[in-house]
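Okay, so here's the structure we're looking at.
Values reported hereafter were calculated over all heavy atoms of this structure, with side chains retained and with hydrogens, waters and symmetry mates removed. Because the structure is a prediction, the values reported are computed rather than measured.
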Amino acid sequence: MSAKNLPYSVAKSPSVYDEYKFELPELYRQIAKDELGEDDSVREHALAEMRQWIADNPHIRKCRTDGKFLLRFLRFQKFSVPMACKALERYLSVRELYPSWFKQLDSNDSSMKEICEYAPFTYLGQDSAGRMVMLVRFGRFHTEKHTALQDGRYMALMMETVLEWEETQIGGCQVLVVYDGCMVSNFEKWSTSELKIIMDAYSRSFPFRYHEIHAAGLQKFGRPVVETFVSFAHSKLREKINCYSSIAELEKYIEPTMKPKEYGGAVDLDQLSHAFRKRIEQQREITLGLDRMEIDVDHYASIWNSEEPLPAETGTGAVFKQLNM
């Protein structure tokens with residue numbers, strides 16, 4: 001289905017929708033059944049309920065209603081329709097309340113193209129357990145060319161891209177973070193509020209199913225900022241984060257067939273980064289099409305403000321001083 005043909009519900013009763021077809025390999029059908037309680041009947045009924053809820057909700061004015069999009073949230077909440085609806089509301093809210101971070105995510109934008117060329121995120125593939133494996137090389141974010149906001153927008157672009165893949169929705173993800181090549185300026189440019197906004201997206205507002213997060217090689221000068229960043233994560237996500245002093249310790253969590261040459265394997269990271277960049281570009285219209293969704297911003301802003309507020313805008317230089325005293 002092309003971006004132009006994606007259905008957006010604006011009526012107060014569901015109209016005709018695309019007929020969803022499960023077309024993934026059998027591995028994912030089994031994972032969906034065992035881990036999420038998903039089968040054809042459960043999926044059909046849950047999609048119908050969620051579409052009716054969207055149509056009846058006076059605060060959601062326009063929303064994608066195709067199966068692939070709504071299944072992001074149903075799979076995230078193991079087919080609890082009420083919880084999936086809440087997850088959708090939070091996702092729509094964060095996009096509207098922080099548009100400079102999460103809207104107009106255009107892979108053709110000059111800064112996005114530059115960051116993609118540096119390849120701080122590389123999709124290694126799906127492992128034998130069906131999980132998406134993403135390698136994050138934090139030192140590849142340019143220290144001076146791009147602001148924290150631009151880096152954050154690239155992260156959001158990446159998130160929207162991979163959430164469109166049903167393999168990611170079902171199999172979840174394993175994240176590998178390496179900090180080799182980082183400088184102090186990689187961390188200093190992030191303010192406390194910027195750290196909180198992007199962590200909120202990672203751990204609460206975007207429907208990611210994390211299995212494991214492994215990080216290695218963090219230099220001493222980066223620890224205060226990373227600790228601050230992780231402190232904003234949901235407690236369940238923090239439990240899945242494992243840190244190692246050396247990258248060699250992290251390598252054992254990479255399946256041999258997916259191990260890059262840099263870590264003793266045979267995989268060419270440049271080729272994989274190029275392929276990932278192409279997939280981001282191919283999904284450009286779908287990602288930009290998400291901006292067509294509309295909500296009652298005042299209504300959701302009041303709910304958002306009743307929750308834990310963002311911290312004051314504080315440079316991480318101050319964070320360094322506070323945590324190193």
Side-chain angles (χ1 to χ4, degrees), residues 98 100-102 104-124 134-162 175-203 213-233 241 243-247 250 260-263 269-270 272-274 276-277 280-281 310-325:
Y98 301 98
S100 63
W101 286 80
F102 303 113
Q104 296 181 354
L105 301 174
D106 190 349
S107 59
N108 284 350
D109 176 81
S110 59
S111 62
M112 292 300 99
K113 292 180 80 169
E114 273 192 339
I115 298 172
C116 281
E117 287 288 339
Y118 292 129
F121 283 74
T122 302
Y123 166 61
L124 297 183
M134 187 68 73
L135 175 65
V136 181
R137 293 177 285 176
F138 195 71
R140 285 187 166 247
F141 282 109
H142 201 282
T143 59
E144 297 176 356
K145 273 190 176 182
H146 307 116
T147 64
L149 174 59
Q150 289 171 322
D151 289 346
R153 285 178 56 78
Y154 164 80
M155 295 176 195
L157 174 62
M158 179 278 301
M159 287 190 285
E160 293 289 17
T161 298
V162 299
V175 182
L176 309 170
V177 185
V178 295
Y179 290 99
D180 56 325
C182 286
M183 295 183 286
V184 173
S185 49
N186 281 108
F187 303 96
E188 280 188 330
K189 66 179 175 180
W190 286 86
S191 72
T192 304
S193 59
E194 288 168 336
L195 291 171
K196 190 177 191 304
I197 289 170
I198 202 66
M199 178 53 85
D200 186 278
Y202 272 124
S203 69
I213 300 173
H214 300 286
L218 178 62
Q219 302 91 336
K220 184 178 179 180
F221 57 72
R223 288 177 189 170
V225 176
V226 173
E227 287 171 1
T228 301
F229 181 56
V230 172
S231 74
F232 296 132
I241 300 174
C243 300
Y244 314 97
S245 58
S246 69
I247 294 174
L250 178 146
K261 292 178 181 177
E262 289 83 344
Y263 309 129
L269 282 181
D270 289 339
L272 288 184
S273 296
H274 178 75
F276 184 42
R277 188 161 66 248
I280 292 174
E281 292 169 356
L310 286 173
E313 190 75 20
T314 305
T316 51
V319 175
F320 267 97
K321 293 177 182 177
Q322 292 166 8
L323 296 179
N324 284 325
M325 288 179 65

List in chain and number order the residues that pass side chain to side chain contact (heavy atoms under 4.5 Å, CB included) with S107, two or more places apart in sequence or in another chain; answer none if no residue qualifies. L157, I280, E281, R284

In chain order, what residues pass the side chain to side chain donor-acceptor pair (under 3.5 Å) check against D151, with sequence neighbours excluded? K189

Under 3.5 Å, which donor-acceptor pairs link side chains of residues 117-124 to any protein atom two or more places apart or in another chain?
| from | atom 1 | to | atom 2 | distance (Å) |
| --- | --- | --- | --- | --- |
| Y118 | OH | K145 | NZ | 3.1 |
| T122 | OG1 | R137 | NH2 | 3.3 |
| T122 | OG1 | S273 | OG | 2.8 |
| Y123 | OH | Q126 | OE1 | 2.9 |

Non-neighbouring partners of V177 that pass side chain to side chain contact (heavy atoms under 4.5 Å, CB included), sequence neighbours left out: V136, V175, Y179, A215

Does one side chain, of E194 or S191, offer a donor that lies under 3.5 Å from an acceptor on the other? yes

Donor-acceptor contact present, side-chain N186 to main-chain M183, <3.5 Å: yes

Begin with the C-alpha distance, continue with both residues' side-chain angles, and end with the deciding distance and a verdict on side-chain contact (heavy atoms from CB on, under 4.5 Å) for I198 and F229. CA-CA 9 Å; I198 202 66; F229 181 56; 3.3 Å; yes

Who pairs with F276 by ring-ring contact (aromatic ring centres under 6.0 Å, His included), at least two apart in sequence or on another chain? none

Verify the ring-centre separation between F138 and F141: is it less than 6.0 angstrom? yes

Tell me which pairs pass salt bridge (charged side-chain N to carboxylate O under 4.0 Å, His left out) where either residue lies in residues 152-161, with sequence neighbours left out. R72-E160, R95-E160

Excluding sequence neighbours, so at least two apart, what forms side chain to side chain donor-acceptor pair (under 3.5 Å) with D109? S111

Side chain to side chain donor-acceptor pair (under 3.5 Å) involving E114 - partner list, sequence neighbours excluded: H146

Output all residues satisfying side chain to side chain contact (heavy atoms under 4.5 Å, CB included) with S246, sequence neighbours left out; order by chain, then residue number. A248, E249

